[in-house]
Amino acid sequence: MSELPAGVERRAFDGAERLATRGEPVYGEPTDGEWRAWNPNRSKLGAMLELGMEAGLEGGETVLYLGAASGTTVSHVADFAGPTYAVEFAARPVRDLLETAESRDRLFPLLKDARKPETYAHVVESDVDVIVQDVATRGQARVALENRRFLADDGRLLLAVKARSEDVTREPSAVFEDVREELSAGYEIVETQGLEEYHADHLGIVARPR
């Protein structure tokens with residue numbers, strides 16, 4: 001079991017031990033004082049941490065989060081990380097994301113398309129420590145490769161691959177293999193693990209830039 005980053009703890013909620021961060025609640029999650037439970041069933045990164053994947057997070061990192069949606073996971077990230085750039089292309093969830101950011105001065109929502117990093121390159125600082133990617137689109141490996149430009153040489157990619165977003169007609173295992181192969185053009189894969197316990201047809205990938 002890998003160590004949790006500073007600012008993430010296992011705490012008891014309703015008699016069950018769960019991951020938790022300190023911050024304002026966002027999606028109706030249980031709270032205990034300033035701590036709020038991090039639900040791995042609603043968060044791919046939460047699932048990766050719950051399953052003990054070697055995410056390489058220590059706390060305080062600069063993060064580029066691709067596919068932030070309404071802020072369920074990125075709110076937890078901003079609770080323990082440093083500057084957190086949250087990219088989401090759909091206007092409706094960004095309205096919720098902006099509300100989430102009101103109580104988090106390290107969270108910077110960006111209404112942008114993760115497939116077009118040139119549109120936010122003037123905002124996101126170079127040499128970020130971590131890219132977290134959770135996008136529901138075809139070409140998920142290509143998105144990771146296009147955004148590699150922002151990642152520090154010793155940085156990490158934490159990618160949740162959605163097989164059904166790539167191709168609903170193919171076996172997830174075949175989709176995952178294709179994604180891993182394409183990623184190898186710019187990343188060295190450190191670890192992979194299926195997230196089925198929490199998310200069907202998803203693969204968690206930890207990688208570092210080549």
Side-chain angles (χ1 to χ4, degrees), residues 2 40 43-57 61-69 72-74 77 81 84-90 93 110-210:
S2 62
S43 169
K44 315 312 185 307
L45 180 60
M48 291 168 74
L49 293 176
E50 195 70 76
L51 292 168
M53 293 186 71
E54 295 290 343
L57 296 170
E61 290 90 353
T62 299
V63 178
L64 173 60
Y65 194 105
L66 306 175
T72 297
T73 297
V74 77
V77 173
T84 303
Y85 300 94
V87 175
E88 173 55 45
F89 80 97
L110 298 171
L111 179 57
K112 299 290 184 181
D113 188 338
R115 296 170 296 183
K116 301 175 181 178
E118 66 277 5
T119 64
Y120 47 87
H122 62 293
V123 178
V124 178
E125 58 191 274
S126 59
D127 295 336
V128 302
D129 300 305
V130 181
I131 293 176
V132 180
Q133 182 177 318
D134 181 14
V135 297
T137 184
R138 288 180 182 269
Q140 292 167 77
R142 176 51 48 191
V143 171
L145 291 167
E146 290 289 339
N147 282 274
R148 182 186 175 280
R149 69 185 73 183
F150 300 111
L151 195 58
D153 291 343
D154 59 349
R156 288 271 176 125
L157 169 70
L158 307 178
L159 169 62
V161 182
K162 305 168 187 279
R164 299 305 180 189
S165 293
E166 287 288 345
D167 190 337
V168 72
T169 67
R170 298 179 66 209
E171 282 297 318
S173 59
V175 172
F176 296 151
E177 182 56 38
D178 286 350
V179 170
R180 285 194 293 261
E181 183 176 348
E182 187 174 354
L183 269 182
S184 66
Y187 291 94
E188 176 188 352
I189 294 177
V190 176
E191 182 183 6
T192 65
Q193 187 166 337
L195 305 182
E196 286 83 4
E197 184 174 343
Y198 302 103
H199 302 276
D201 302 327
H202 281 72
L203 181 72
I205 296 179
V206 179
R208 54 188 173 220
R210 289 189 181 278

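Along the sequence shown, residues carry numbers from 1. No hydrogens, no waters, no symmetry mates; every other heavy atom, side chains included, goes into these values.
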* Go through the steps for L158 and L57 under the test side chain to side chain contact (heavy atoms under 4.5 Å, CB included), then give the verdict. => CA-CA 10 Å; L158 307 178; L57 296 170; 4.0 Å; yes
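With a 4.5 Å cut-off on side-chain heavy atoms, E166 and D178 do not count as touching. Looking at L45 and D134, their side chains never come closer than 4.5 Å, going by heavy atoms from C-beta outward. Side chains of R180 and V161 form no contact here, defined as non-hydrogen atoms less than 4.5 Å apart. Using a 4.5 Å heavy-atom threshold, the side chains of L110 and V124 count as touching. Counting heavy atoms from C-beta outward, F176 and T192 have side chains that stay 4.5 Å or more apart. Taking the side chain as every heavy atom from C-beta outward, L183 and L157 approach each other to under 4.5 Å. Between E54 and V190 the shortest side-chain heavy-atom distance does not fall below 4.5 Å.
Side chain of R156 to backbone of V206: no donor-acceptor contact under 3.5 angstrom is found. Using modelled atom types, no side-chain atom of R164 and backbone atom of D201 make a donor-acceptor pair closer than 3.5 Å. Proximity of a side-chain donor or acceptor of E191 to a complementary backbone N or O of M53 within less than 3.5 Å is not detected. Q133 contributes a side-chain N or O that, together with a main-chain N or O of A144, makes up a donor-acceptor pair within less than 3.5 Å.
Atom-to-atom distance recorded for F89:CZ and T137:OG1 is 7.5 Å, nearest 0.5 angstrom. We find the CZ-CD1 distance between R148 and I131 to be 9.5 Å, quoted to the nearest 0.5 Å. A distance of 11.0 Å separates OG1 in T73 from CE in M48, rounded to the nearest 0.5 Å. The distance from atom CG of L64 to atom OG of S126, rounded to the nearest 0.5 Å, is 12.0 Å. T62 contributes atom OG1, which lies 4.5 Å from atom CD of E125 (distance to the nearest 0.5 angstrom).
A90 and E88 get closest at one heavy-atom pair: N-OE2, 3.1 Å. Residues P209 and L151 share a closest heavy-atom pair of CD-CD2, 3.7 Å. Of all heavy-atom pairs spanning L145 and G186, the tightest one is CD2-N, 3.5 Å. Residues L49 and A55 share a closest heavy-atom pair of CD2-CB, 4.0 Å. Residues R210 and S184 come closest through the heavy atom pair NE-O, 2.8 Å. Residues A86 and V74 share a closest heavy-atom pair of CB-CG2, 4.0 Å.
Look at R142 and E182 and you find a salt bridge, because one of the NZ, NE, NH1 or NH2 atoms lies within 4.0 Å of a carboxylate O, short of that distance.
Sorted by first and then second residue, the ring pair (Phe, Tyr, Trp, His ring centres under 6.0 Å) pairs with a member in residues 181-202 read H199-H202; sequence neighbours excluded.
Atom CD of E181 has 12 or fewer neighbouring heavy atoms from other residues, nucleotides or ligands inside a 6.0 Å radius. More than 12 heavy atoms of other shown residues, nucleotides or ligands fall within 6.0 angstrom of atom CD in E188.
Taking Y120 as the reference, N147 meet the side-chain hydrogen bond (donor to acceptor under 3.5 Å, both in side chains) condition, with sequence neighbours excluded. Judged as a side-chain hydrogen bond (donor to acceptor under 3.5 Å, both in side chains), and not counting sequence neighbours, E61 has no contacts.
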